[in-house]
Protein chains: 2
Amino acid sequence: MTEIAHRYQGTAVPDLTFPPREGGYPKGHETREEILRAALRILIEEGYRAMSMRRIAAQCGMKLGNLTYHFPNREDLVQALLDAVITSYEIEFANIFHDPSTTPEQRLELYCELVLEDIRSKKTTRLFPELWALSNHDTFVFERVHDLYRRARAPLEDVIAEMRPDLAEPARHDIALFISASMEGLTVFAGYAKPFESRMQSLEAVAARAFLDVVRNFVAPADSA
Amino acid sequence: MTEIAHRYQGTAVPDLTFPPREGGYPKGHETREEILRAALRILIEEGYRAMSMRRIAAQCGMKLGNLTYHFPNREDLVQALLDAVITSYEIEFANIFHDPSTTPEQRLELYCELVLEDIRSKKTTRLFPELWALSNHDTFVFERVHDLYRRARAPLEDVIAEMRPDLAEPARHDIALFISASMEGLTVFAGYAKPFESRMQSLEAVAARAFLDVVRNFVAPADSA
DNA sequence: ACAGATTTAGGACACTTGACAAAGTTTGGG
DNA sequence: CCCAAACTTTGTCAAGTGTCCTAAATCTGT
């Protein structure tokens, strides 16, 4: 690992990012945010099934009626929570890749390190599998999650384009997709409290090697359009 | 793709495999299996949250009382379902790698093709994210799922050992883990009804290249023990 | 065809769920 | 200060949840 690759160590993605407040008292906004924080806590600690309106209200010491005042129905709450969670990541990814002082190889390594570090956090390890499961049955979650991943791949595709200008766009996209998916997959195996959490460091080395090699060496099959 | 790599095309993993019947009438066993099939159907179509006892009973047109006769409580049912689902995969993996007539490279390719084919099935795309989410809060699911993955990696480790006898065991294990995790990660992106389902073929080429390269070229860092 | 084991139906229980309505309380601008 | 808007509590509603129990129906070997 190069020194530059450690630049963002410890810069965890914020749990929730809230949309700008419009109308209402400050108290109201504070309550709204507290509700979403409580909901996220339950989702992480006990899973989606336990995340009921009453459970959330209890978690932040308020009455159920108040909750339904701020979020008229459960779906509203879930969507607001998802938005707040995902916006954090989108901001993070938008900010990271504005440093042109590094080589593409370094940026690739940096990117992977950032993602693999985030994956080890309890929040991400617990949250994303829930989102993957939800996205199978909820189109709103589906759209929002894959929109996030699409944005997350953009910098990756830039790096690949720099390293392999000879490749056609679909091939570059496939490679970026593969790299992104590979890292996400590690969540289940080497995320927080997972069997191979302690192997993450060496897995990072394997991943880095595999990703570098595939970007450098991949040759598109004749029928890969 | 070599010809041999297509040998197992279309050999989908059975949905459920039931333990040998002991005691009771045939009718009872049939009902038990029908219940689990109905539960799986709901889990796949509507998610874990919708998989209530009443919903399952309704799904297979029987009374709730009958369901609780066969599965005294919900946990029993969930565990039996998980067992039936996972046993199918364990049998599949145990049977696949008993063919010594192929080269390690071919077996690696065969293995990846099998997994990536399975991932595109509706059942697997829908089921596994649910299991990953559940495993975060249910130790029984956790154990069972990771036991399955451990068995699934065994043939992979054998292949890697053949190809890279020079590597230490931990390094081989890391590589197998990475390969397995990479493929699982593709579920979310290129599984059934996912945004890049249609790219699976070309993603397979990317993955094959990346996996072959990393197995062939990986060099363990000095501190990778 | 009968007795005993097994399976199913039907209902009851105590509890939780999301939604709603009608009161209270707090807040901040005029 | 004051009042309307925003917030919070309190209570209720129908529907859904898992679990338990008993009686009826069904099956199997004799």
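Numbers restart at 1 for each chain; the letters A, B, ... are given by sequence-line order, proteins then strands.
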Has Tyr25(A) got a side-chain N or O lying under 4.0 Å from the OP1 or OP2 atom of dG28(C)?
-> no
Under 4.0 angstrom, heavy atoms only, what part of the nucleic acid is Asn66(A) near: base, sugar-phosphate, or nothing?
-> base
In whole angstroms, how far is the P atom of dG18(C) from the CD1 atom of Ile35(A)?
-> 14 Å
Taking for Thr68(B) and for Lys27(B) the nucleotide of DNA chain D with the nearest heavy atom, the one nearer the 5' end belongs to Thr68(B)
Checking all strands, does Gly28(A) fall into the base, sugar-phosphate, or nothing category for heavy-atom contacts under 4.0 angstrom?
-> sugar-phosphate
When the distance from NE2 of His70(B) to C1' of dA9(C) is rounded to whole Å, what number comes out?
-> 12 Å
Reckon Arg74(A) has a side-chain N or O less than 4.0 Å from the OP1 or OP2 of dG18(C)?
-> yes
Is Glu30(B) salt-bridged to Arg37(B), going by a charged N under 4.0 Å from an acidic O?
-> yes
Test of ring centre spacing under 6.0 Å for Phe196(B) and Phe178(A) | no
Quickly work out the Arg54(B) CZ to dT17(C) C1' distance and round it to whole Å.
-> 13 Å
State whether Thr31(A) places a side-chain N or O below 4.0 Å from either non-bridging phosphate oxygen (OP1 or OP2) of dC7(D).
-> no
Nearest-nucleotide check on DNA chain C, Ser52(A) vs His29(B); residue mapping nearer the 5' end is His29(B)
Ion pair Glu45(B)/Lys122(B), N-O distance below 4.0 Å | yes
To the nearest angstrom, how far is Lys63(A) atom NZ from dC20(C) atom C1'?
-> 18 Å
Answer with yes or no whether the side chains of Thr124(B) and Tyr89(B) bring together a donor and an acceptor at under 3.5 Å.
-> yes
Rounded to whole Å, the CD-P distance (Glu46(B) to dG16(D)) equals 13 Å
So what does Arg49(A) hit on the nucleic acid, given a heavy-atom distance under 4.0 Å: a base, only sugar-phosphate, or nothing?
-> sugar-phosphate
